[in-house]
Amino acid sequence: MKTLFLLLLFCHVSSAVKHSLKIFRTGSSGVPNLSEFVGSLEVDGSLVGYCDSNKNIVEPKQDWVKKIIEDDPQHFQWYTQECFQSGPNIFKVWINNLKQHLNQSGGVHILQDISGCEWDDETGEVNGFNQFGYDGEDFISFDLQTLTWIALKPQAVTTKLKWDSEEARIKVKEIDLTKIFPGLLKKYLVFGNSSLQRKDLPSVSLLQKTPSSPVSCHATGFYPDSALMFWRKDGEEIHEDVDHGEILPNHDGSFQMSVDLNLSSVTPEDWRRYDCVFQLSGVKNNIVIKLDKAVIRTNWEKSSDMTVPITAAAVVLVLIFITAVGLMAYKKKKAKCPPSPPDDGSELSEKLNPET
Ligand SMILES: *[C@@H]1O[C@H](CO)[C@@H](O)[C@H](O)[C@H]1NC(C)=O
Ligand SMILES: *[C@@H]1O[C@H](CO)[C@@H](O)[C@H](O)[C@H]1NC(C)=O
Ligand SMILES: *[C@@H]1O[C@H](CO)[C@@H](O)[C@H](O)[C@H]1NC(C)=O
Ligand SMILES: *[C@@H]1O[C@H](CO)[C@@H](O)[C@H](O)[C@H]1NC(C)=O
């Protein structure tokens, strides 16, 4: 049992990082005030560039992209060509074909696709992908193994058959997904390394809306978006009564997420057996917060049945303390480790017990 637990812990603490390049394209017809074609490019979940065919803009969104463009005007031309010519034209043709085929004479229609690749910087493994959605539903996706299209709904079968027969386009798609995009991703990771390859640890706190609500373990301010968060009981990850939220972007380019734990069937004595763990991909130390009534942030007045009355100021102080400990540990770790091997699974454990 113990060995299994250690193994699991070790797996969680791997330092491999998966990088991703994602290109989003949206073509529309009949939508007032929406450009016929907009595109965006993300690396590791960060917006790198954006374009809008009607407004005639191609915009680098990060300083290091501007530098690439200064050094290499052709790179910029590739984007303007995609955004102002090939993209809008091909999306217009596709939407018209789909409308015809689906007997849709007018109305509002939106065709979107996402393409790109993932790259594991440890194993070197690359996965390319391309998928289309039509009017908000998954429509068709490309299978790199068989070099064929997969219809994701019955209405897409005709499109699949047609696209499967377009050999030249399939060849281009294969080269994009296996060579061009991975090359672009690696180039961007080099040029944008100080911003893209940074690691920011979040501040993690426990929140509860009402005394009977689940306790939410909330992490905000982390980067990149490859992170795991989970609840443990007696040191082992639990799934029951746990509700995982999605990873969401913050306005400053960092990310947030929360994981809720429903404690309705847990007795107060058992609370101390639980903790919440946050792991950032590529960072050795986890952030661990013990479940403790004293550190939960709430909106309601703490009632007098609490053994130790805690003022809001004390809670805030504790939270500042958590953040400071987290930052100090992070800086320390950062200072002593250029390329760090996977470690023994040591955890940055914060003991939050203002009562003692
Ligand atoms: C669309 O644009 C027109 C003028 O360009 C404006 O009057 C209208 O309010 C806009 N509609 C929406 C929903 O933004
Ligand atoms: C479109 O209309 C034609 C003729 O009215 C019909 O044969 C065909 O099945 C329709 N297609 C779809 C996808 O509804
Ligand atoms: C980014 O790359 C430059 C040049 O290749 C290198 O000197 C620097 O250490 C890198 N920074 C990071 C954070 O990897
Ligand atoms: C928590 O679990 C209890 C039963 O164990 C259930 O009745 C309750 O609806 C759950 N609360 C939430 C918010 O899911």
Side-chain angles (χ1 to χ4, degrees), residues 1-2 4-5 8-9 11-12 45 136-138 201-223 225-252 254-281 286-323 326 347-356:
M1 193 65 192
K2 191 142 196 172
L4 178 65
F5 168 52
L8 284 173
L9 191 65
C11 292
H12 278 308
E137 289 181 32
D138 292 346
L201 284 176
S203 61
V204 182
S205 37
L206 301 180
L207 314 169
Q208 196 176 24
K209 280 204 192 93
T210 72
S212 58
S213 306
V215 172
S216 186
C217 183
H218 182 254
T220 186
F222 59 91
Y223 182 93
D225 65 347
S226 42
L228 284 177
M229 196 158 71
F230 51 91
W231 281 96
R232 294 191 307 197
K233 182 182 181 186
D234 299 331
E236 290 190 56
E237 182 172 354
I238 50 171
H239 300 281
E240 211 170 316
D241 295 322
V242 173
D243 189 14
H244 286 262
E246 282 180 50
I247 294 182
L248 302 169
N250 286 326
H251 285 298
D252 62 0
S254 67
F255 296 91
Q256 60 164 300
M257 73 166 136
S258 20
V259 181
D260 294 353
L261 174 62
N262 182 345
L263 285 162
S264 58
S265 52
V266 177
T267 59
E269 309 82 79
D270 276 347
W271 273 43
R272 52 183 188 78
R273 297 168 66 186
Y274 292 82
D275 53 25
C276 169
V277 181
F278 175 90
Q279 297 174 333
L280 191 61
S281 168
N286 300 328
I287 297 178
V288 179
I289 295 209
K290 287 196 177 300
L291 179 60
D292 180 344
K293 277 207 170 71
V295 301
I296 297 177
R297 283 203 281 186
T298 65
N299 287 326
W300 78 89
E301 290 286 315
K302 298 251 180 182
S303 60
S304 52
D305 65 8
M306 297 243 337
T307 46
V308 182
I310 309 240
T311 64
V315 174
V316 169
L317 274 177
V318 168
L319 285 165
I320 290 171
F321 173 73
I322 303 170
T323 318
E347 287 178 348
L348 159 64
S349 188
E350 283 136 3
K351 305 227 164 33
L352 302 165
N353 250 326
E355 286 140 74
T356 55

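Just follow the structure's listing: the first ligand is 1, and inside any ligand the first atom is 1.
- The closest side-chain heavy-atom distance from Asp243 to Pro214 is not below 4.5 Å.
- Among all non-hydrogen protein atoms, the one lying nearest atom 14 (O) of ligand 4 is Asn262 ND2, 3.5 Å.
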**Request:** Decide side-chain contact (heavy atoms from CB on, under 4.5 Å) for Cys217 and Leu291; before the verdict, give the C-alpha distance in whole Å, the side-chain angles of both, and the deciding distance to 0.1 Å.
**Result:** CA-CA 9 Å; Cys217 183; Leu291 179 60; over 6 Å; no

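- Checked against the 6.0 Å centroid criterion, the rings of Phe222 and Phe278 qualify as a close aromatic pair.
- For atom 11 (N) of ligand 4, the nearest protein heavy atom lies under 4.0 Å away.
- Between Ser265 and ligand 4, a contact under 3.5 Å exists for no N or O pair.
- If you check which protein heavy atom lies closest to atom 13 (C) of ligand 4, you get Pro214 CG, 3.7 Å.
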**Request:** Starting from the C-alpha separation in whole Å, work towards a yes-or-no answer on side-chain contact (heavy atoms from CB on, under 4.5 Å) for Ile296 and Val215.
**Result:** CA-CA 8 Å; Ile296 297 177; Val215 172; 3.9 Å; yes

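- Close contacts of ligand 4 with Ser264, meaning ligand atoms under 4.0 Å from a residue heavy atom, involve 1 (C), 2 (O), 3 (C), 4 (C), 5 (O).
- The OG atom of Ser216 sits 8.5 Å away from the CG atom of Leu206 when rounded to the nearest 0.5 Å.
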